[in-house]
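What follows is a single structure, written as structure tokens, with notes after it.
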Amino acid sequence: MTRRRWIADERTETTATLKGDQAVHLARVLRAQPGQVFDVVAGGFLHRAEVLSVDERAVVFTLHEELEADAALPVHLLMAVFKFDHMEWGIEKATELGASRITPVIARRTEKHLAQAAAKRVERWRRIVLEASKQSRRTDVPKVDEPAMLKAALAGVSAETKLLLAETEQDNSLSAGLVDARDVALAIGPEGGWTPEEMALFSESGWRHVTLGPRILRAETAALAGLAVCAAVL
Ligand code: SAH
């Protein structure tokens, strides 16, 4: 059985502390008691942990042995910045589906006001991935990078297999592009799509263009579908 995982808000070498909703839930709903044992993710590691003290504002655990954590899906998502409400939904779902890293990209067709506001949104996106990680019982929290222009974003990619989701591609499918892949970067364009210059830049940087099928998907749908295919194949 998979036990419920809790994600610590703070940790020291020997203790972890949960605050906010998680503390309220443990204290009020589950009526946690000192001595009870839970699985707690602290500083990126999954531990067996024993309740030391309970309060609705803070539940403190003593950390015991480290447990084997299940790995994230080895997929680095480059997501062009698009309408924030849709993008946030996409980021939440990408976290649930297991993406390991998300880089917001300022694309040529990212609307100006969104591009300008993106830097200030990162904190919110990080909160979303934290909440979604807790909710989906992930043992790690995906990294959300600062928004970057495409060139800089491409320079920060270390994955071996680099796949550009492109509605203009007609032959090569994403699933075929994933054969023998271990570590994948997946790029999704903005609502207006990538420009031809951007597509060329991807190609020069070793990215292959792949399709998710004949229909034009919204960016957040493409992100979800792309990750689901990765999860099935990897
Ligand atoms: N403006 C374009 C659509 C852009 S869709 C048009 O109307 O023609 C936004 C992004 O979703 C694209 O940049 C691409 O990365 C992805 N996408 C949408 N449909 C896709 C498909 N069928 N295959 C692969 N990627 C797709």
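Between His25 and Trp6, the two ring planes are tilted [angle within 30° to 60°].
Taken to the nearest 0.5 Å, the CZ atom of Arg218 stands 15.0 Å off from the CD1 atom of Ile188. Between the CD atom of Gln135 and the CD1 atom of Ile7 there is a distance of 10.5 Å, given to the nearest 0.5 Å. Here the straight-line distance linking atom OG1 of Thr15 with atom NE2 of His47 works out to 11.0 Å at 0.5 Å rounding. Note that CZ of Arg48 and OG1 of Thr62 are 14.5 Å apart. Values are rounded to the nearest 0.5 Å. Between atom CZ of residue Arg215 and atom OG1 of residue Thr221 there is a gap of 12.0 Å, rounded to the nearest 0.5 Å. Taking CG from Leu174 and OG1 from Thr211, the interatomic distance works out to 9.0 Å, rounded to the nearest 0.5 Å.
The environment of Arg108 atom CZ is sparse: at most 12 non-hydrogen atoms of other residues, nucleotides or ligands sit within 6.0 angstrom. Counting heavy atoms of neighbouring residues, nucleotides and ligands inside a 6.0 Å radius, atom CZ of Phe45 does not exceed 12 of them. Around CD of Gln170, the count of heavy atoms belonging to other residues, nucleotides or ligands within 6.0 Å does not exceed 12.
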Any chance you could lay out the side-chain contact (heavy atoms from CB on, under 4.5 Å) test for Phe61 and Val51, step after step, and finish with the verdict? CA-CA 4 Å; Phe61 292 85; Val51 177; 3.5 Å; yes

Salt bridge (Lys or Arg N to Asp or Glu O under 4.0 Å) between Glu191 and Arg109: does it pass, once the steps are laid out? CA-CA 8 Å; Glu191 284 148 347; Arg109 292 185 181 143; over 6 Å; no

Go through it in stages, so that I can follow the logic: the residues are Glu146 and Arg126, the test is salt bridge (Lys or Arg N to Asp or Glu O under 4.0 Å), and I'd like the CA-CA distance, side-chain angles, deciding distance and then a yes or no. CA-CA 10 Å; Glu146 298 291 326; Arg126 290 186 178 139; 3.4 Å; yes

I'd like to know whether Gln22 forms a side-chain contact (heavy atoms from CB on, under 4.5 Å) with Asp9, so could you lay out the CA-CA distance, the side-chain angles of the two residues, the decisive distance to 0.1 Å, and finally the verdict. CA-CA 9 Å; Gln22 294 190 103; Asp9 296 290; 3.8 Å; yes

List the steps and the verdict of side-chain contact (heavy atoms from CB on, under 4.5 Å) for Leu227 and Leu77. CA-CA 9 Å; Leu227 281 166; Leu77 209 58; 4.0 Å; yes

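Side-chain contact between Thr139 and Arg5 is present, with at least one heavy-atom pair separated by less than 4.5 Å. Asp180 is not listed as a side-chain neighbour of Thr161, based on a closest heavy-atom distance of 4.5 Å or more. In this structure, Met79 and Ile91 have side chains that are in contact, with non-hydrogen atoms separated by less than 4.5 Å. At least one side-chain heavy atom of Cys230 sits less than 4.5 Å from a side-chain heavy atom of Leu186. Using a 4.5 Å cut-off on side-chain heavy atoms (C-beta onward), Leu234 and Pro74 make contact. Side-chain atoms of Thr95 and Ile128, non-hydrogen and from C-beta on, never get closer than 4.5 Å to each other. Contact check for Pro147 versus Trp125: side-chain heavy atoms found under the 4.5 Å cut-off. Looking at Leu63 and Thr12, their side chains never come closer than 4.5 Å, going by heavy atoms from C-beta outward.
If you chain together hydrophobic residues whose side chains sit under 4.5 Å apart, Leu52 and Val54 never meet in one group. Hydrophobic clustering, with ILVMFWY side chains joined whenever heavy atoms are under 4.5 angstrom apart, keeps Leu46 apart from Phe38. In the hydrophobic clustering of ILVMFWY residues, with side-chain heavy atoms under 4.5 Å counting as a link, Val233 and Val184 come out together. Under the 4.5 Å side-chain heavy-atom criterion for grouping Ile, Leu, Val, Met, Phe, Trp and Tyr, Trp89 is connected to Leu165 within one hydrophobic cluster. The hydrophobic cluster containing Leu73 also contains Val129, counting ILVMFWY residues as joined when their side-chain heavy atoms lie under 4.5 angstrom apart, directly or transitively.
Under 3.5 Å, the side chains of Ser203 and His209 contain a donor-acceptor pair of N or O atoms. For the 3.5 Å distance criterion, the side chains of His64 and Glu50 qualify, holding a donor opposite an acceptor.
Formation of a donor-acceptor pair under 3.5 Å by the Thr110 side chain with backbone atoms of Ile106 is not found in this model. Panel note: side chain Lys162, backbone Ser205; a donor-acceptor pair is recorded below 3.5 Å. Side-chain atoms of Glu169 never come within 3.5 Å of backbone atoms of Ala166 as a donor-acceptor pair (strictly under, hydrogens ignored). Of the possible donor and acceptor atoms, none in the side chain of Asn172 sits under 3.5 Å from a partner among the backbone N and O of Val210. With hydrogens and angles disregarded, a donor-acceptor distance shorter than 3.5 Å links the side chain of Ser100 to the backbone of Val75. No donor-acceptor pair closer than 3.5 Å links the side chain of Arg101 to the backbone N or O of Val144.
Listed here is the closest heavy atom pair of Leu212 and Ala222: CD1-O, 3.6 Å. Smallest separation of non-hydrogen atoms from Asp55 and Arg57: OD1-N, 2.7 Å. Here the closest non-hydrogen pair linking Ala94 and Ile102 is CB-CD1, 4.3 Å. The minimum heavy-atom distance linking His76 with Thr103 is given by the pair NE2-OG1, 2.7 Å. When all heavy atoms are compared, the tightest approach of Val40 to Ala49 is CG2-CB, 3.7 Å. In terms of heavy atoms, Pro142 sits closest to Ala99 at CB-O, 3.4 Å.
Under the 4.0 Å criterion applied to side-chain N and carboxylate O atoms, Glu220 and Lys93 are not assigned as salt-bridge partners. Under a 4.0 Å N-O distance rule, the pair Asp85/Lys83 does not qualify as a salt bridge. Ionic pairing of Arg124 and Glu88 is present here: one or more N-O contacts between side-chain nitrogen and carboxylate oxygen are shorter than 4.0 angstrom.
Here Met199 sits in one hydrophobic cluster together with Leu78, Val105, Leu150, Leu154, Val157, Leu164, Trp194, Leu201, Phe202, Trp207; the rule is ILVMFWY side chains under 4.5 Å apart, joined directly or through other members.
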Throw together a table of side-chain donor-acceptor distances under 3.5 angstrom for residues 29-36, partners on residues two or more places apart or in other chains.
unit_1: Gln33; atom_1: NE2; unit_2: Arg31; atom_2: O; d: 3.4
unit_1: Gln36; atom_1: OE1; unit_2: Gln33; atom_2: N; d: 2.9

